[in-house]
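The structure presented is a predicted model; accordingly, all values stated were derived computationally and were not measured. Just so we're on the same page: letters track the sequence lines, and every chain starts at 1.
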Amino acid sequence: MRVINVTLKNFRNYQEESFQPHQAINIITGSNAQGKTNLLESIYYTFRGRSFRAERDKDIIHWQNDTTTIRTGVLLNSRNVDIKWKIKENNKKLIINGIDTPRAELDHFGVVLFCPEDLYLVKGSPQERRKFLDNDVGSLNPGYSKTWRQYARVLTQRNTLLKEIRDKRTSQTQDMLEVWDEQLYRHGARVIYLRLQILKKLIPIARSIHHKITEGAEELQAKYLSSLALEPGLTEEQIYQIFFKTGQKMRPTEIQRCQTMLGPHRDDLSLSLNGIEARSFGSQGQQRTVTLSLKLSQLELWYREFGDYPILLLDDVLFELDHSRQSMLLDKINKVQTFITTSFTGGIENTIKGAGLLWQVNAGNLTAKEEL
Amino acid sequence: MLYYSGPVARLVDEFAKLPGIGAKTAQRLAFHILNSPPEAAQSLAKALVEVRQSIKRCSCCCNLTDEELCPICRDTTRNGKLLCIVEEPRDVIAMEKARGFRGYYHVLHGAISPMDGIGPENLTLKELLKRLQSDEIEEVILAANSDVEGETTALYLARLIKPLGIKVTRIAHGIPVGSDLEYADAMTLNKALEGRGEFG
Ligand SMILES: Nc1ncnc2c1ncn2[C@@H]1O[C@H](COP(=O)(O)OP(=O)(O)OP(=O)(O)O)[C@@H](O)[C@H]1O
Ligand SMILES: [Mg+2]
Ligand SMILES: [Zn+2]
């Protein structure tokens with residue numbers, strides 16, 4: 001998969017910009033606050049339909065305007081696809097090859113982002129790792145994002161109902177709750193099942209990459225921690241049954257607290273190195289390497305599943321790695337179209353001679369500086 | 001945010017309450033009316049008042065009509081054993097356009113959604129149960145949308161209707177994207193109708 005061209009109108013600090021990226025490595029340099037991350041954000045938005053850092057769509061629209069468009073030409077399985085987003089404060093439209101298209105179509109396009117915030121994946125709260133499960137792990141199965149959105153919707157609806165029941169604002173409590181329970185267990189079991197399916201393939205790849213990066217010094221272990229008592233190898237139906245049984249017992253507490261206490265929104269991923277929990281005991285460098293292994297394993301699994309590499313976005317992370325990890329990364333990505341932002345290049349131009357393009361950003365203006 | 005005098009501001013506010021209309025469009029519509037001849041405004045106002053006065057719910061299926069019984073409920077050539085339950089009047093139009101269904105309808109006027117404060121008591125269930133008791137209905141086809149709220153409504157209805165000994169089936173599973181019946185084309189809709197399975 002490859003981005004052929006990008007045209008931005010009123011996206012963040014880009015008023016009008018159009019560029020043709022290199023098919024391999026694109027290094028985007030410039031001083032702070034010029035628009036390097038904004039550029040990655042626009043590519044990420046193209047494929048995910050949302051930003052990785054803006055809370056609201058309004059934030060990505062140029063301050064003096066009320067609409068932004070991102071238009072991206074993509075080569076996917078030797079087909080040309082024209083993806084266009086038209087985004088306003090309160091509504092957005094996806095147009096693929098000139099036709100209004102539901103967002104789910106984008107699940108076939110892969111993008112992997114590695115940014116400084118990803119360190120929280122290892123050292124942050126369980127919520128950070130659930131974000132990883134939904135955004136990163138989930139993207140490896142084209143059906144996941146829809147399933148997850150439905151589950152999230154059921155959850156909000158059910159929590160609202162729990163509150164109504166507690167405050168005695170509704171008459172049909174029991175049978176109504178039973179119907180929402182059924183929805184919760186069905187969709188929840190599906191989310192958990194899909195996560196486990198993907199992790200079963202992803203974890204071994206991450207382990208072997210981590211082994212290689214650390215030259216055999218560290219064994220990475222990753223395990224799904226569920227709020228339900230699950231054993232390995234369960235079918236979706238079995239997960240549903242377990243959710244059903246445990247969920248029923250939890251109900252009185254849930255009404256009291258107006259919260260759904262069990263389900264994939266409470267689950268976590270445990271990460272450890274040589275048997276020691278990485279979250280509390282890993283050094284900064286170790287945590288960064290775990291993240292790197294997890295990100296690289298996504299590239300690899302995407303390739304195995306779909307026969308093509310996704311787009312890789314590296315925001316300010318390359319130069320945080322030591323030399324051997326940098327070259328390990330660059331070596332891994334020689335078949336992947338990559339966008340790297342950095343305020344200083346650290347001489348990397350010389351390492352990747354012949355394999356990319358150096359770009360310069362100045363206050364929302366992008367220029368190709370030199371062929372590497 | 002607006003500096004218009006009373007009546008103009010009121011008109012803009014009223015337009016802005018309509019679905020899909022933002023502040024800017026509301027202003028544009030208001031000025032369009034102000035710039036067109038007085039008769040145009042008169043006839044728009046008349047149409048609005050008339051539609052509200054003459055259109056009501058059909059006493060049988062709750063679809064919108066200007067008569068006591070809607071044309072579909074009056075049509076005696078239809079199959080009285082089949083009843084199709086939909087969320088909105090626009091879903092009846094979609095089904096009728098597809099021409100694959102020859103039974104009768106019941107319009108719920110919504111779907112169960114705690115977030116929007118809509119419970120079973122806000123839907124036309126009283127009217128539905130009355131029909132199920134007296135009519136010759138043998139099969140109820142649940143055609144609520146395939147989003148979470150439509151699914152939940154269908155589940156709830158299945159539990160309500162099954163004990164009455166009536167067969168309950170569900171369509172909309174085969175209907176892709178957008179999840180609204182409204183957007184399904186005729187062929188998809190008819191296929192979903194043919195392939196309906198027992199539900200609940
Ligand atoms: N909606 C917007 N409209 C106009 N300008 C914006 C908008 N949002 C952000 N900016 C501007 O974009 C700039 C930030 O761009 P970006 O985050 O891409 O910087 P960067 O080049 O990655 O910098 P750093 O090296 O510090 O990470 C800021 O100057 C900010 O004022
Ligand atoms: Mg930046
Ligand atoms: Zn009628």
Does any backbone or side-chain atom of Asn90(A) lie under 4.5 Å from a heavy atom of chain B? Answer side chain, backbone, both or neither.
neither
Going through the distances and angles, do Thr152(B) and Val154(A) end up as a side chain to side chain contact (heavy atoms under 4.5 Å, CB included)?
CA-CA 9 Å; Thr152(B) 305; Val154(A) 170; 5.8 Å; no
For Asn63(B) and Tyr104(B), test the side chains for any donor-to-acceptor distance below 3.5 angstrom and give the result as yes or no.
no
Interchain contact, Glu182(A) with chain B, by part (heavy-atom threshold 4.5 Å):
side chain
Chain B shares the most heavy-atom pairs under 4.5 Å, among Glu178(A), Arg153(A), Arg103(A), with Arg153(A)
Quick one: does Arg170(B)'s side chain have a donor or acceptor within less than 3.5 Å of a partner on Leu142(B)'s backbone?
yes
Pick one of side chain, backbone, both or neither for Ile112(B), based on which atoms fall under 4.5 Å of a heavy atom in chain A.
both
Report the relative orientation of the aromatic rings in Tyr240(A) and Phe244(A); use parallel for angles under 30°, tilted for 30 to 60°, perpendicular for over 60°.
tilted
